[in-house]
Asker: 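Below are the structure tokens for one structure; questions will follow.
In what follows, every chain begins at residue 1, and chains take the letters A, B, ... in the order their sequences are listed.
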Amino acid sequence: MKVFGEQLEPDRSAELELRAELEQAGLDTTGLYAYVLPYNDGRQGAALYAVLDSSQGFRFPTSSDQNAMLAYMVQLANSPALATAGVDRIALDYRDASGESVLITTAPAESIRKFARGEIGREAFFQELEARTDPGSLTEGVLP
Amino acid sequence: MRHPLRVLMMVAMLVVTVLLAGCEDFTPADRQFVRDLAEEWLRERNMSPTTEDGQVDLMGTIRFGQAMMGRSDDPDANAILGAYGAVSDVLAGDRAMDNARKNGDAAAMDQVIQQRPHDWTYRSSRAILALSQGDLATYESQGQAVNDLAQKEGIPAGRLARQIIVDYQTFTIPETGAPCARKYSDLSNAYQILYEETGDEAYLANAMVATDMMVGCQ
């Protein structure tokens, strides 16, 4: 059985509440596509798969660097709307100006909150973080 | 001999990918930001394909290869990274719907709805677009479809209310006649529902304003 079911069906309601919450906090949600994916394998809860789509106007609230992406993860992990939806894992999929995925990161929501509270350091947090990236962006200049 | 061969093949594959990646629309800012985060992550996870002195690191390269494919020891991480394709399909529909909303393109919306007929947010937008175009029959039928889906899926009224408010912010409805009356009736109900759900007085004030505006439509 697939963890999110045979046919992916995001919880649109939770997305609307998250969007309303972020806008109330003064964040521009242009280009954010937030998919709350309920578990379909007998577990309660859901995971969030958020697409940060530059091709549709997404911009980080601060500058575009690795800390901005981590800060965005923290913002989402602390969302009451996502807590209500039972979200226990967060994935961010950053898309470039052509709409192609260049980096996906994911971590358990609780690890992100611990990192935000300073209960675990950056090093320990990176052990909890998983990622998938466009190989070109990663290897250029690294390999001989 | 096996491991060195695999490493060589992997490195060769990566070099080809690097060359191909140069053709993509990938801004320098995107590239730098992705590299910074990915490199930090690789270092912390001991997954760098090279050692500090620039030599190929066999184990690092293998872990690096797994990382590029989004494969980890964590099944939940693998599950969500594996959802990429299915999410991309939904995203394609959402982008098309966003463009249709921006352009007020009913035909484009109908096409997206045909692909994802059970998505009540699409149908809500289609209903309000129809109202903005004076098409009361489509407004009624799509509105009914939203209610049917909501009932079937057990969607709370407050969530429908939020979507309808967003839709009315997107489309311009004539300020007279039946479309005007429907708009303010819908908004009055939506804000009333949110007030009852949250107790936020601002929603009640908006509901009262919408009721007053409805009287002005006659």
Asker: Between Glu123(A) and chain B, with a heavy-atom cut-off of 4.5 Å, which part of the residue counts as in contact: side chain, backbone, both or neither?
Answerer: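 Both backbone and side chain of Glu123(A) come within 4.5 Å of chain B.
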Asker: Roughly how far apart are Leu160(B) CG and Arg12(A) CZ, rounded to 0.5 Å?
Answerer: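 Output value for this atom pair is 13.5 Å.
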Asker: State, yes or no, whether a side-chain contact exists between Val87(B) and Phe4(A) at a heavy-atom distance under 4.5 Å.
Answerer: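 Val87(B) does not reach Phe4(A) side chain to side chain.
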Asker: Return the minimal non-hydrogen interatomic distance between Ser13(A) and Trp120(B), and the atom names on each side.
Answerer: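 Looking at all heavy atoms of both residues, the shortest contact is OG-CZ2, 3.5 Å.
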Asker: Please indicate whether Gln111(B) has more than 12 foreign heavy atoms, meaning atoms of other residues, nucleotides or ligands, lying under 6.0 Å from its CD.
Answerer: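 Check fails, neighbour count at 12 or below.
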Asker: What I'd like to find out is whether the side chain of Tyr35(A) reaches to under 4.5 Å of the side chain of Leu91(B), using heavy atoms alone.
Answerer: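 Side-chain contact under 4.5 Å: yes.
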Asker: Taking atom CD as the centre, does Glu119(A) end up with more than 12 heavy-atom neighbours from other residues, nucleotides or ligands that are less than 6.0 angstrom away?
Answerer: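 Atom CD in Glu119(A) is crowded, with more than 12 foreign heavy atoms closer than 6.0 Å.
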Asker: Using heavy-atom distances under 4.5 Å, tell me whether Asp89(B) contacts chain A through its side chain, its backbone, both, or neither.
Answerer: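 For Asp89(B), no heavy atom lies under 4.5 Å from chain A.
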Asker: With a 4.5 angstrom heavy-atom cut-off, is it the side chain or the backbone of Arg95(B) that approaches chain A, or both, or neither?
Answerer: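 Both backbone and side chain.
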Asker: Name the region of Leu37(A), side chain, backbone, both or neither, that has any atom closer than 4.5 Å to a heavy atom of chain B.
Answerer: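 Side chain only.
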Asker: Does the side-chain contact (heavy atoms from CB on, under 4.5 Å) test come out yes or no for Arg132(A) and Asn78(B), once each step is laid out?
Answerer: CA-CA 10 Å; Arg132(A) 174 172 159 174; Asn78(B) 286 338; over 6 Å; no
Asker: Measure the spacing between OG of Ser88(B) and OH of Tyr49(A) and express it to the nearest 0.5 Å.
Answerer: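 Between atom OG of Ser88(B) and atom OH of Tyr49(A) there are 5.5 Å.
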Asker: Using the rule given for side chain to side chain donor-acceptor pair (under 3.5 Å), can you reason through Asp76(B) versus Tyr39(A), listing the C-alpha separation, both sets of side-chain angles and the distance that settles it, and then say yes or no?
Answerer: CA-CA 10 Å; Asp76(B) 284 342; Tyr39(A) 293 125; 5.1 Å; no
Asker: At a heavy-atom distance under 4.5 Å, which candidate from Asp11(A), Asp93(A), Ile104(A), Thr105(A) has the highest pair count against chain B?
Answerer: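 Ranked by heavy-atom pairs under 4.5 Å with chain B, first place is Ile104(A).
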Asker: In terms of heavy-atom proximity below 4.5 Å to chain A, should Ile80(B) be classed as side chain, backbone, both, or neither?
Answerer: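 Backbone plus side chain of Ile80(B), per the 4.5 Å heavy-atom cut-off to chain A.
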Asker: Report the C-alpha separation of Tyr84(B) and Val51(A) in whole Å, then their side-chain angles, then the decisive distance to 0.1 Å, and conclude whether the side-chain contact (heavy atoms from CB on, under 4.5 Å) test is met.
Answerer: CA-CA 10 Å; Tyr84(B) 166 79; Val51(A) 179; over 6 Å; no
Asker: State whether the side chain of Arg159(B) and the backbone N or O of Ala14(A) hold a donor-acceptor pair below 3.5 Å, judged by distance alone.
Answerer: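 No.
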